[in-house]
Each structure stands twice: as structure tokens, then as C-alpha cells.
Amino acid sequence: MSTATNQQMTLEEFRKLPEDPAVERELLNGMLYEWFSGVVEKDSMTRRIHRHAEVEANVAFLLKQFVKSQPSVIGKVYSGEVGCELLESNSSVGIDVAFYATDQLPTEEDVYITGAPLVAVDILSPSDVLKNLQAKVKAYLVSGTQQVWIIDPHFKTVTIYRPDRRPEMFSEGQQFSCEPALTGLTINVDDIFS
């Protein structure tokens, strides 16, 4: 379970924290969040439940399929806890799936992507805490993300957050538009969970 440390810090201070394979960290709106990852050896990997991994693969596939269908390169899809620094909200996060426009792409030398993705997708895990989720959505939107998708594999819902309107929830049998972030893309919720 994630807990806020009540410790305010800058991105620069966050970058200087020592690596600890047993602790995962995020900086959300200048607040440090930490949780025990269960990983105790440096060479071990973080493991996700299979449902989370399947949904992540489906979302990445749907977005990549759309990007490849475009006549020109519009951007790139990343998945697997891609490291992202959101300067406007003083945040450093791992994103399950993210779409970045061509002009936002990192160089080969960049460790993390600096700047907000056009679309950020977080897939809920049993350990997620509502307070952290709200802070993360706020960090994305303040930083310029046009759509944040919060996917709940248990209830098979997708909640879309946009900076200019109230959140909208979609469930099986429904579809949602990815406008204006990805013009022309409509996603069937069933395709996320199939």
C-alpha cells in the first residue's frame, strides 16, 4: 500500500534519492509517495497480476494500431511503467501506457521522458489508493495531458479525465472518443478487456 510521506520535495531532490529495490516511489505534485514493492534483490523485476498485464497489452496494441494507420508519424506509444517527469506539477511518475506526440519524444540519452503525454493510461491494481490516484490525475492534467484513462480491470470500466470537463465513465458495450488528443480514434471498451 502506498503512503504519502508528508515530505515535500523538488524533482531535483527526488532524482537524488538512493535506489532501493524494495521501495517504489513517485513524486506527485511535490509530495513523495512510497510503497514496499516486495522486490528485495536488485536484479529482481516488479511483477503485475496477469489481468493488469493483459489490459496493458491490449491498450498499447489499440493505440499502436491507430498510430500505424496514420499517413504520417504522429507520435509514439510507450508501456510498462514508462518513467515520466511532469515539470509543471513537480511530479515523477511511472505510466502504464502513454502516447507522446512526435515533438515530445525523448532522445536516446534521456532516462525519463520530460513532459506530459497527450494520453496517459493507468490501470488499477489492488494496491492503488484513491488519494494517490486523485493526485496523479491532477498532476497529469496540470501538466498538459489531454486525456487520462483510469482503467478498472475488476469492474471493466474506463474513466476518462479531460482538463475541460467532468470525468466520464464507460463500461462494457460502450465506446469512447479519444478527441482531441487522437483525432479519429474511438475505442470500444470491450476491446480493452477481451
Quiz prompt | Within-4.5 Å side-chain heavy-atom neighbours: Y100 and K76 | solution = no
Quiz item: In Å, rounded to the nearest 0.5 Å, how long is the span from CD of Q7 to CD of E34?
Solution: 7.5 Å
Self-check item: Closest heavy-atom pair and its distance - G94, E26
Solution: N-OE2, 3.2 Å
Quiz item: Is there a donor-acceptor pair under 3.5 Å between the side chain of S91 and the backbone N or O of S89?
Solution: yes
Quiz item: Distance-only, no hydrogens or angles: does the N90 side chain make a donor-acceptor pair with backbone N or O of N29 under 3.5 Å?
Solution: no
Quiz item: Is the backbone N or O of K156 less than 3.5 Å from a side-chain atom of E172, with the two atoms forming a donor-acceptor pair by type?
Solution: no
Exercise. Measure across G173 and D190 and return the closest heavy-atom pair with its distance rounded to 0.1 Å.
Key: N-OD1, 2.9 Å
Quiz prompt | Backbone of E13 reached by a side-chain donor or acceptor of T10 within 3.5 Å | solution = yes
Quiz item: Where the side chain of Y112 meets the backbone of V93, is there a donor-acceptor pair that is under 3.5 Å apart?
Solution: no
Quiz item: Any donor-acceptor pair under 3.5 Å linking the side chain of T102 with the backbone of I74?
Solution: yes
Quiz item: Do R25 and L17 come within less than 4.5 Å of each other through their side chains, counting heavy atoms only?
Solution: yes
Self-check item: Min side-chain heavy-atom separation L11-S92 under 4.5 Å
Solution: yes
Quiz prompt | Side-chain heavy atoms of V59 within contact of I151, under 4.5 Å | solution = yes
Quiz item: Which value, rounded to the nearest 0.5 Å, describes the distance between Y140 atom OH and Q146 atom CD?
Solution: 15.0 Å
Self-check item: Side-chain heavy-atom pair V158, I192 within 4.5 angstrom cut-off
Solution: yes
Quiz item: Can you get from L32 to L87 by hopping between Ile, Leu, Val, Met, Phe, Trp and Tyr side chains that sit under 4.5 Å apart?
Solution: yes
Quiz item: Quick one: are I95 and P117 in side-chain contact, heavy atoms under 4.5 Å?
Solution: yes
Quiz prompt | Short side-chain to backbone donor-acceptor contact, D96 and D122, under 3.5 Å | solution = no
Quiz item: When L27 is tested against each of R15, M9, E85 for side-chain contact (heavy atoms from CB on, under 4.5 Å), which residue passes?
Solution: M9
Self-check item: Heavy-atom closest contact (L124 atom, P153 atom, distance)
Solution: O-CD, 3.6 Å
Quiz item: Can you get from I150 to V142 by hopping between Ile, Leu, Val, Met, Phe, Trp and Tyr side chains that sit under 4.5 Å apart?
Solution: no
Quiz item: Is the backbone N or O of A139 less than 3.5 Å from a side-chain atom of S143, with the two atoms forming a donor-acceptor pair by type?
Solution: yes
Quiz item: Should E54 and R51 count as an ion pair when the cut-off is N to O under 4.0 Å?
Solution: yes
Quiz item: Under 3.5 Å, side chain of Q104 to main-chain N/O of A116, donor-acceptor pair present?
Solution: yes
Quiz item: So which of I187, I160, N188 actually passes side-chain contact (heavy atoms from CB on, under 4.5 Å) with F170?
Solution: I160
Exercise. Evaluate the side chain to side chain donor-acceptor pair (under 3.5 Å) criterion for residues T107 and D110: first the C-alpha distance (whole Å), next the side-chain angles of each, then the deciding distance (0.1 Å), finally the verdict.
Key: CA-CA 5 Å; T107 67; D110 293 331; 3.2 Å; yes
Practice problem: State whether the number of non-hydrogen atoms from other residues, nucleotides or ligands found under 6.0 Å of F61 atom CZ is greater than 12. | Solution: no
Quiz item: Is there a side-chain contact between F99 and V67, using heavy atoms and a 4.5 Å cut-off?
Solution: yes
Practice problem: To the nearest 0.5 angstrom, please state how far the CG atom of L141 sits from the NZ atom of K136. | Solution: 13.0 Å
Quiz item: Do you know the tightest heavy-atom contact between A120 and T145?
Solution: N-CG2, 3.9 Å
Self-check item: Side chain proximity check, Y78 to L105, heavy atoms < 4.5 angstrom
Solution: yes
Practice problem: Determine, using ring centers only, whether Y161 and W149 are less than 6.0 Å apart. | Solution: no
Quiz item: How long is the gap from OG on S79 to CG on L63, to the nearest 0.5 Å?
Solution: 10.0 Å
Self-check item: Polar side-chain atom of Q147 near backbone of E179 as donor-acceptor pair, under 3.5 Å
Solution: yes
Quiz prompt | Between CG on residue L62 and OG1 on residue T186, distance to nearest 0.5 Å | solution = 12.0 Å
Quiz item: Q8 and M31: which non-hydrogen atoms are nearest, and at how many Å?
Solution: NE2-CE, 3.2 Å
Quiz item: Where do N58 and S194 come nearest, in terms of heavy atoms and distance?
Solution: ND2-O, 2.9 Å
